[in-house]
2 protein chains.
Amino acid sequence: MKRTPPSCPMEALLRLITGPWTIYILWVLSEHGPQRFGALKRAVPGISTRVMTERLRMLERAGVVWRKQAQTIPPAVTYGLTPRGTELRSVLDSLGAIAHRWQAEGAFKDAGMAAE
Amino acid sequence: MKRTPPSCPMEALLRLITGPWTIYILWVLSEHGPQRFGALKRAVPGISTRVMTERLRMLERAGVVWRKQAQTIPPAVTYGLTPRGTELRSVLDSLGAIAHRWQAEGAFKDAGMAAE
DNA sequence: TTCGTTGGTTACTTTTAAGTGCCTACTATT
DNA sequence: AATAGTAGGCACTTAAAAGTAACCAACGAA
């Protein structure tokens, strides 16, 4: 995927929240509160460790989630939503409302990607 | 990209509006009104015919854009936003506002994808 | 008569992201 | 003493999306 011309800051935001699991992770964090890595992974069934780590790092760099590492001996790392993450969630909620309505209207029933 | 578990209707919507050029196309259509294929392609510099066609078809199947083909001899096909497209735009606008603010705050300055 | 325009389609190639499995280091448990 | 759990890192493989390019059909213009 070549880079889209960077005129639109939306692109950066969409690249941030897009990707198979990102919304899921944010949703779990906002519904169930801060979680440790393992619990988060268990709450998002099917995700690989690799992608989970990558997504969390990405969201952390953007200031959407925080990461708190306890230096205990089995290391305990907890993730949660920052204020920015909460702010994002409110918009995602309204986007979700549209998504829900469109699904009820059948907008997605045959609107998959071209090459699946 | 394996399919994300389909529990979340957001996934379908995000898969619809995601992809390098989709938002651009919607933005051009909403800013400059209905456009013919060629004009649209010229307004989104760098996009390939293939991807432009695929995106328009996808958006059309979801009822976000309409397509009107005049059976003239050089065929003239015009695309525009449906009411559903306009509805989507309002949410994208607020998402865009967040994106703009975050950019000003520097949220994206080092928050690229992992493997770029 | 051949070229260019319009709106694509199709095939081939490349790029990129995601999946999978194996590794750590230390400790508590069995 | 061997094993499982914790939070990943690293390398290798695979699958999907995007890019590239060639082609089409019909007609008007040069």
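Note that the structure is predicted; figures quoted are calculated from it, not measured.
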The reported gap from CD1 in B/Ile47 to OH in B/Tyr24 (rounded to nearest 0.5 angstrom) is 11.0 Å
Rounded to whole Å, the CE-P distance (A/Met52 to D/dG9) equals 14 Å
Sorted by chain and residue number, the side-chain hydrogen bond (donor to acceptor under 3.5 Å, both in side chains) partners of A/Arg36 (sequence neighbours excluded) come out as none
Taken to the nearest whole Å, NZ/A/Lys41 to C1'/D/dG9 is 14 Å
Here the distance between atom P of D/dC27 and atom CD of B/Gln71, to the nearest Å, is 12 Å
Exercise. Does a side-chain N or O from A/Trp21 land closer than 4.0 Å to OP1 or OP2 of C/dA17, or not?
Worked result: no
Residues passing the side chain to side chain contact (heavy atoms under 4.5 Å, CB included) test with A/Ala43, sequence neighbours excluded, are A/Val28
The salt bridge (Lys or Arg N to Asp or Glu O under 4.0 Å) partners of A/Arg50 (sequence neighbours excluded) come to A/Glu54
By side-chain hydrogen bond (donor to acceptor under 3.5 Å, both in side chains), B/Thr22 pairs with (sequence neighbours left out) B/Arg55
Residues at least two apart in sequence or cross-chain that pass side-chain hydrogen bond (donor to acceptor under 3.5 Å, both in side chains) with A/Ser30, listed by chain then number, are A/Arg89
So CH2 of B/Trp27 and NE2 of B/His32: to nearest 0.5 Å the spacing works out to 5.0 Å
Taken in chain and number order and not counting sequence neighbours, the residues that satisfy side chain to side chain contact (heavy atoms under 4.5 Å, CB included) with B/Ser90 are none
Contacts of A/Ala39 meeting side chain to side chain contact (heavy atoms under 4.5 Å, CB included) (sequence neighbours excluded), chain-then-number -> A/Gln35, A/Arg42
A/Arg101 meets the side-chain hydrogen bond (donor to acceptor under 3.5 Å, both in side chains) criterion, sequence neighbours left out, with B/Glu87
Hits for side chain to side chain contact (heavy atoms under 4.5 Å, CB included) against A/Thr86, two or more places apart or cross-chain, chain-then-number order -> A/Leu81
Tabulated below should be each protein N or O lying under 3.5 Å from an N or O of nucleotides 4-9 of chain C; please produce it.
residue : atom : partner : partner atom : Å
C/dT6   : O3'  : B/Arg36 : NH2          : 3.1
C/dT6   : O3'  : B/Pro75 : O            : 2.6
C/dG7   : OP1  : B/Arg36 : NE           : 3.1
C/dG7   : OP1  : B/Arg36 : NH2          : 3.1
C/dG7   : OP1  : B/Pro75 : O            : 3.4
C/dG7   : OP1  : B/Val77 : N            : 2.9
C/dG7   : OP2  : B/Gly38 : N            : 3.2
C/dG8   : OP1  : B/Arg57 : NH2          : 3.3
C/dG8   : OP1  : B/Arg67 : NH1          : 2.4
C/dG8   : OP2  : B/Arg67 : NH1          : 3.3
C/dG8   : OP2  : B/Tyr79 : OH           : 2.6
C/dG8   : O3'  : B/Arg57 : NH2          : 3.1
C/dT9   : OP1  : B/Arg57 : NH2          : 3.0

Pairs under 3.5 Å (N/O, protein and nucleotides 28-30 of chain C):
none

To the nearest angstrom, the CD1-P distance between A/Ile47 and D/dA7 comes to 15 Å
Per-helix bend value, the helix from C/dT1-D/dA30 to C/dT30-D/dA1, C1' rotation axes over five pairs per end, 10° rounding, shows 20°
Atom CD of A/Glu54 and atom C1' of C/dA17 are separated, to the nearest Å, by 8 Å
